[in-house]
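Input: a single structure, listed below in structure tokens.
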Amino acid sequence: LQWAARCYLAFARLLAGGGEHIDTALARIAPDRKPDAHAVIEQRILPQLRRLWPLSSNYRSLVIGGAMIAGRPEWIIAFELVVLSLVMAVTMRSMRRAIADVADQLAAMSAR
């Protein structure tokens, strides 16, 4: 089952998005600069997380209800596979850019 473990870990790294770079850069920042570092993280990462709103169960419930009323259960599957996958892919791409930007900003802060 080593092949399955390797596949799982590769997929997990793909979804992780590089957050370990922020952890490493944050650990190098002086304690008196931590509030500034946290503000940088909040300003750049929080908007990315807010873009995940379509993944909430509220919208899934609305789609399920609409599909049931219309008698079209395939709409649920289409929504899950197409719409939510696109939302996740776009968000992960922009999140990776945001994480890289934050890691660079934090590295610059620790160099000062």
Side-chain angles (χ1 to χ4, degrees):
L1 292 177
Q2 289 180 351
W3 65 272
R6 282 193 298 273
C7 288
Y8 174 80
L9 291 174
F11 187 64
R13 277 191 295 276
L14 178 68
L15 292 178
E20 67 276 358
H21 301 301
I22 290 178
D23 294 339
T24 302
L26 193 56
R28 293 185 182 135
I29 293 178
D32 62 321
R33 300 285 314 228
K34 296 276 184 180
D36 296 334
H38 291 153
V40 167
I41 293 169
E42 184 176 320
Q43 289 170 357
R44 189 68 172 99
I45 301 296
L46 195 56
Q48 303 303 319
L49 294 175
R50 288 189 177 128
R51 293 175 68 184
L52 293 171
W53 61 266
L55 300 179
S56 79
S57 60
N58 295 339
Y59 299 100
R60 286 180 165 150
S61 298
L62 290 172
V63 169
I64 290 169
M68 288 171 36
I69 291 169
R72 305 298 301 255
E74 63 272 14
W75 289 0
I76 300 166
I77 296 168
F79 178 76
E80 294 278 338
L81 292 177
V82 177
V83 176
L84 296 185
S85 293
L86 285 173
V87 168
M88 187 61 129
V90 168
T91 303
M92 288 303 296
R93 185 172 182 212
S94 64
M95 182 65 88
R96 281 193 185 90
R97 283 194 301 261
I99 287 172
D101 291 348
V102 167
D104 290 344
Q105 288 178 358
L106 295 181
M109 290 174 76
S110 67
R112 292 184 208 157

Value rounded to 0.5 Å, distance of NE2 in H38 from CD in E42: 10.0 Å

Would you give the length of the straight line joining atom CG of D23 to atom CZ of R28, rounded to the nearest 0.5 angstrom? 11.5 Å

Spatial distance of atom CZ (R33) from atom CG (L26) [nearest 0.5 Å]: 12.0 Å

In this structure, OG1 of T91 is separated from CG of L55 (nearest 0.5 Å) by 7.0 Å

Are L106 and I45 connected, step by step, through hydrophobic side chains (Ile, Leu, Val, Met, Phe, Trp, Tyr) whose heavy atoms are closer than 4.5 Å? yes

Are L52 and V102 connected in the hydrophobic side-chain network, where two residues link if heavy atoms are under 4.5 Å apart? yes

R97 atom CZ, neighbour heavy-atom count above 12 within 6.0 Å: yes

Can you tell which of I77, V83, L84 makes a side-chain contact (heavy atoms from CB on, under 4.5 Å) with L81? I77

Check whether any side-chain heavy atom of I76 sits under 4.5 Å from a side-chain heavy atom of R60, and report yes or no. no

For a quick test of reading the model, state the closest non-hydrogen atom pair linking W75 to G66 and the distance between them. CZ3-O, 4.3 Å

d(M68 CE, I64 CD1) to nearest 0.5 Å is 8.0 Å

Would I99 and Q48 satisfy side-chain contact (heavy atoms from CB on, under 4.5 Å), going step by step from the backbone distance to the final call? CA-CA 10 Å; I99 287 172; Q48 303 303 319; over 6 Å; no

So R51 and V90, do their side chains get closer than 4.5 Å, heavy atoms only? yes

What's the separation between atom CG in L62 and atom CZ in F79, rounded to the nearest 0.5 Å? 8.5 Å

Residues at least two apart in sequence or cross-chain that pass salt bridge (Lys or Arg N to Asp or Glu O under 4.0 Å) with D104, listed by chain then number, are none

Which atom of A103 lies closest to which atom of A25, heavy atoms considered: O-CB, 4.0 Å

Are any non-hydrogen side-chain atoms of D36 and I29 less than 4.5 angstrom apart? no

Would you say L49 and M95 make side-chain contact, with heavy atoms under 4.5 Å? yes

Nearest heavy-atom pair of P31 and P35: which atoms, and what distance? O-CD, 3.9 Å

